[in-house]
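See below for the structure under consideration.
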2 protein chains.
Amino acid sequence: MTARIAPAEAGPGRLAQTGLAQEPVFLMARAASMGSSQANRGLGDLGLKVRHYSVLALACSDEGPTQRELSAFLVLDPSQIVAIIDELEERGAVQRQADPRDRRSKIIVPTPEGRMLYARAKEVVDAATERSLAALSPAQREELTRLLRMAAF
Amino acid sequence: MTARIAPAEAGPGRLAQTGLAQEPVFLMARAASMGSSQANRGLGDLGLKVRHYSVLALACSDEGPTQRELSAFLVLDPSQIVAIIDELEERGAVQRQADPRDRRSKIIVPTPEGRMLYARAKEVVDAATERSLAALSPAQREELTRLLRMAAF
DNA sequence: TATTGTTATACTCTATAACTATA
DNA sequence: TATAGTTATAGAGTATAACAATA
């Protein structure tokens, strides 16, 4: 038998009580989507997007990541990494450096300008995160971060 | 002064100890990306993607969502909803129904076939979620879900 | 005048294959 | 023979504007 359809009884969060709204896949997608559009809005003023920010942040970590490593870590195609680094390099924020132990690969390092840009970008991203997670207490944010780390690696 | 660059000391999770890897925006993006590609892999066998699954799930909730509501809730453009529903409708999984209270909008309802498809798809998604969150205990998964709900709405 | 669904279109993002230089 | 980076290109996803029907 076919259940009678409740004819759209208006109300803000009607669909938020649905089964889908309890599923981690959906919740992560939605939270990620909202979070990165928040961050992108802020980063736009610096002429950056989250992807550029991510590469810049990893360059500034002084781990000397290769493009291949950036590709794997950010789950972006190697050819996309090329484009992102081209833009950051033209802008004078990072440089491609020869890897002494494998001349095929290139290590991405920040310029002094890149470090300054990163510092400003990080503030913007932190502020966006603040807005995204406004409903959570500091302890809850830490717990969320901890659990996400377990899920993401 | 310029810090000396650690010349890529290999090792699996080098970049996972970086500052970026502690930021919620990044972690959510990465977890969401991995989660939905897991789900998409499984749903492919049913000829579905997460977006179709999501619409189908909401249709099966018997909340009688309008396309506009689906658009807002799934953070997808109204024109994308049109395409998704076209496909689900051609496939006989959902139908567009007139909204008695506003003849501009259309309520999306599942067919019996749509409900069966959803049942199978849900199993697939649950299995994918299981794999994605394998590192978390049941209690941790519940806590993650709870915190994500707070962040996502 | 504003809104829902629709269409068409452009834009961005992502994925694939082929090439080079190294290993 | 395999891998890192690069390039070109095609495919998927997203955003924008305009239109008809209805509010």
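Below, chains carry the letters A, B, ... as their sequence lines are ordered, and counting in each starts from 1.
- Annotation: salt bridge (Lys or Arg N to Asp or Glu O under 4.0 Å) contacts involving residues 129-140 of chain B, sequence neighbours excluded, comprise B/Glu130-B/Arg141.
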Contact letters for nucleotides 15-23 of chain C, in which S counts primed atoms plus P, OP1 and OP2 and B counts the base, heavy atoms under 4.0 Å: BB----BBS

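- Applying the salt bridge (charged side-chain N to carboxylate O under 4.0 Å, His left out) criterion to B/Asp77, with sequence neighbours excluded, gives no partner residue.
- Remark: A/Arg146 engages A/Glu143 in a salt bridge (charged side-chain N to carboxylate O under 4.0 Å, His left out) (not counting sequence neighbours).
- Here B/Glu142 pairs with nothing under the salt bridge (charged side-chain N to carboxylate O under 4.0 Å, His left out) rule; sequence neighbours left out.
- Residues passing the salt bridge (charged side-chain N to carboxylate O under 4.0 Å, His left out) test with B/Arg68, sequence neighbours excluded: none.
- For B/Arg91, the side chain to side chain contact (heavy atoms under 4.5 Å, CB included) partners at least two apart in sequence or on another chain are B/Leu48, B/Leu117.
- The phosphate of C/dT6 (OP1 or OP2) has a side-chain N or O of B/Arg96 nearer than 4.0 angstrom.
- B/Glu113 and B/Thr111 form a side-chain donor-acceptor contact under 3.5 Å, judged by distance and modelled atom types alone.
- Screening residues 15-24 of chain B for salt bridge (Lys or Arg N to Asp or Glu O under 4.0 Å) gives A/Lys122-B/Glu23 as the qualifying pairs, with residues at least two apart or on separate chains.
- Taking every heavy atom of residues 28-36 of chain A and every atom of DNA chain C, no pair lies under 4.0 Å.
- Taken residue by residue, residues 44-58 of chain A places no heavy atom nearer than 4.0 Å to DNA chain D.
- Sorted by first and then second residue, the pairs that involve residues 69-106 of chain B and meet ring pair (Phe, Tyr, Trp, His ring centres under 6.0 Å), not counting sequence neighbours, are A/Phe26-B/Phe73, B/Phe73-B/Phe153.
- Residues in residues 43-56 of chain B take part in no salt bridge (Lys or Arg N to Asp or Glu O under 4.0 Å) pair, two or more places apart or across chains.
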